[in-house]
Amino acid sequence: MTIKKEFWKNKTLSELSPKEWEALCDGCGICCLYKIEDQDSGEIHLTNVACRFLDEVSCVCKLYEDRKSAMPTCVKLTPDNVAGLDWLPDTCAYRLVLNGKPLPNWHYLISGDPNSVHHAGISVLGKVVDESFINMNKLEDHVVEDLNEQE
Ligand code: SF4
Ligand code: SF4
């Protein structure tokens, strides 16, 4: 089955076919970064530490089909849970469609170029460290306010 042009414009998330659902992801990789929850406030803080299964060059999962068994804490996005995942970036295509907003010009479905998410500086490319190379007991040292405003 082929995907219709601009399929996301006239459908809700739950109306997307499995193929359309997968196609909607912009490939930014931000959802594969570790987050820390403040025990007191419940606030979620983003870190620049990436899951060890994230390919830091392509910014996609190396074990996508088996991600839940490989990484039990991996959160699989579904039409039912996107609204409750406050830590997804504002740029996340699932969030945008959920909120009736247009996809940005750098989304590959608009630009036609899978690399435009990297060229626009939206993806995690060049901004993160693999969890295997840091002390995970000191994850708080890696909290970033804005991934795009690191040194
Ligand atoms: S944040 Fe959203 S758009 Fe970006 S990789 Fe994750 S699911 Fe895809
Ligand atoms: S297992 Fe894959 S999809 Fe899940 S957080 Fe890690 S890199 Fe991302």
Side-chain angles (χ1 to χ4, degrees), residues 3 6-9 13 16 18-39 41-151:
I3 294 182
E6 302 189 335
F7 63 85
W8 64 94
K9 286 194 171 171
L13 289 181
L16 298 177
K19 211 166 186 176
E20 289 170 338
W21 176 270
E22 295 303 328
L24 189 56
C25 178
D26 63 31
C28 71
I30 298 174
C31 56
C32 300
L33 302 184
Y34 278 87
K35 278 80 61 183
I36 296 179
E37 182 173 6
D38 186 306
Q39 298 282 332
S41 66
E43 210 178 326
I44 306 274
H45 299 283
L46 184 69
T47 76
N48 67 352
V49 179
C51 170
R52 64 182 175 279
F53 298 120
L54 184 72
D55 184 314
E56 288 175 42
V57 176
S58 65
C59 301
V60 298
C61 181
K62 291 184 237 178
L63 285 176
Y64 189 69
E65 292 304 322
D66 299 318
R67 62 197 185 284
K68 278 301 289 177
S69 49
M71 178 60 73
T73 54
C74 176
V75 178
K76 187 176 177 181
L77 268 58
T78 70
D80 295 329
N81 69 7
V82 171
L85 301 176
D86 296 344
W87 44 263
L88 283 173
D90 293 341
T91 53
C92 175
Y94 297 95
R95 253 194 137 160
L96 293 173
V97 170
L98 178 74
N99 295 321
K101 294 185 178 167
L103 296 184
N105 288 339
W106 48 257
H107 194 297
Y108 84 99
L109 288 170
I110 305 292
S111 68
D113 177 3
N115 287 316
S116 52
V117 66
H118 307 310
H119 294 152
I122 301 296
S123 77
V124 302
L125 184 65
K127 303 170 191 164
V128 296
V129 289
D130 186 304
E131 66 172 305
S132 315
F133 300 114
I134 69 141
N135 179 352
M136 288 297 277
N137 293 323
K138 299 220 167 182
L139 193 55
E140 64 276 9
D141 292 349
H142 292 270
V143 167
V144 287
E145 285 302 319
D146 184 338
L147 199 63
N148 293 324
E149 287 182 8
Q150 298 182 85
E151 293 174 274

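Everything numeric in this text was worked out from a predicted model, so none of it was measured.
Legend: residues meeting side chain to side chain contact (heavy atoms under 4.5 Å, CB included) with A83, ordered by chain and number and at least two apart, are L98. The side chain to side chain donor-acceptor pair (under 3.5 Å) test applied to Y34 returns E131, not counting sequence neighbours. Partners of S132 by side chain to side chain donor-acceptor pair (under 3.5 Å), not counting sequence neighbours, listed by chain and number: D130. C31 pairs by the side chain to side chain contact (heavy atoms under 4.5 Å, CB included) definition with W87, L88, not counting sequence neighbours. Legend: residues meeting side chain to side chain donor-acceptor pair (under 3.5 Å) with T47, ordered by chain and number and at least two apart, are absent. Scored by the side chain to side chain contact (heavy atoms under 4.5 Å, CB included) test, P102 finds no partners at all (sequence neighbours excluded). Residues forming a side chain to side chain donor-acceptor pair (under 3.5 Å) with E22 (at least two apart in sequence, or on another chain): Y64. Remark: K62 pairs with D55 by the side chain to side chain contact (heavy atoms under 4.5 Å, CB included) rule, at least two apart or across chains.
Crowding of N105 atom CG: a count of heavy atoms from other residues, nucleotides or ligands under 6.0 Å not exceeding 12. Summarising the local packing, CD of E6 is surrounded by more than 12 heavy atoms from other residues, nucleotides or ligands at distances under 6.0 Å.
Counting heavy atoms from C-beta outward, L33 and V128 have side chains that approach closer than 4.5 Å. When side chains are defined from C-beta on, L103 does not count as touching D26, because their heavy atoms never get closer than 4.5 Å. For the pair P104 and L96, the minimum side-chain heavy-atom distance is below 4.5 Å. When side chains are defined from C-beta on, M136 counts as touching V49, because their heavy atoms get closer than 4.5 Å. The shortest distance between side-chain heavy atoms of I134 and L139 falls below 4.5 Å. By the 4.5 Å heavy-atom criterion applied to side chains, D141 and N135 are not counted as neighbours.
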> Can V117 and T91 be said to form a side-chain contact (heavy atoms from CB on, under 4.5 Å), step by step?
Replying inline: CA-CA 11 Å; V117 66; T91 53; over 6 Å; no

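Once rounded to the nearest 0.5 Å, the distance linking SG of C28 with CG of L125 reads 12.0 Å. Separation of atoms CG (L54) and CG (L63) is listed at 11.0 Å; rounding is to 0.5 Å. Taken from SG in C92 to CG in L77, the straight-line distance is 6.0 Å, to the nearest 0.5 Å. Atom CD of E140 and atom NE2 of H45 lie 11.5 Å apart (nearest 0.5 Å). Rounding to the nearest 0.5 Å places CG of L16 at 6.0 Å from CZ of F7. For the atom pair CD1 of I3 and CH2 of W21, the computed distance is 13.5 Å after rounding to the nearest 0.5 Å.
Judged as a ring pair (Phe, Tyr, Trp, His ring centres under 6.0 Å), not a single pair has a partner in residues 97-117 (not counting sequence neighbours). The ring pair (Phe, Tyr, Trp, His ring centres under 6.0 Å) pairs that include a residue from residues 112-133 number zero, where partners must be two or more places apart or lie in different chains. The salt bridge (charged side-chain N to carboxylate O under 4.0 Å, His left out) contacts involving residues 27-37 comprise nothing, where partners must be two or more places apart or lie in separate chains. Under the salt bridge (charged side-chain N to carboxylate O under 4.0 Å, His left out) criterion, the residue pairs touching residues 88-115 are D90-R95, with sequence neighbours excluded.
The two atoms that bring I30 and I122 nearest to each other are CD1-O, 3.6 Å, heavy atoms only. Contact between A23 and L109 at its shortest, heavy atoms only, is O-CD1, 3.6 Å. Residues G27 and S123 share a closest heavy-atom pair of O-CB, 4.4 Å. Among all heavy-atom pairs drawn from P72 and K68, the shortest one is O-NZ, 3.0 Å.
The backbone N or O of R67 lies less than 3.5 Å from no partner atom in the side chain of K76, so there is not a single donor-acceptor pair.
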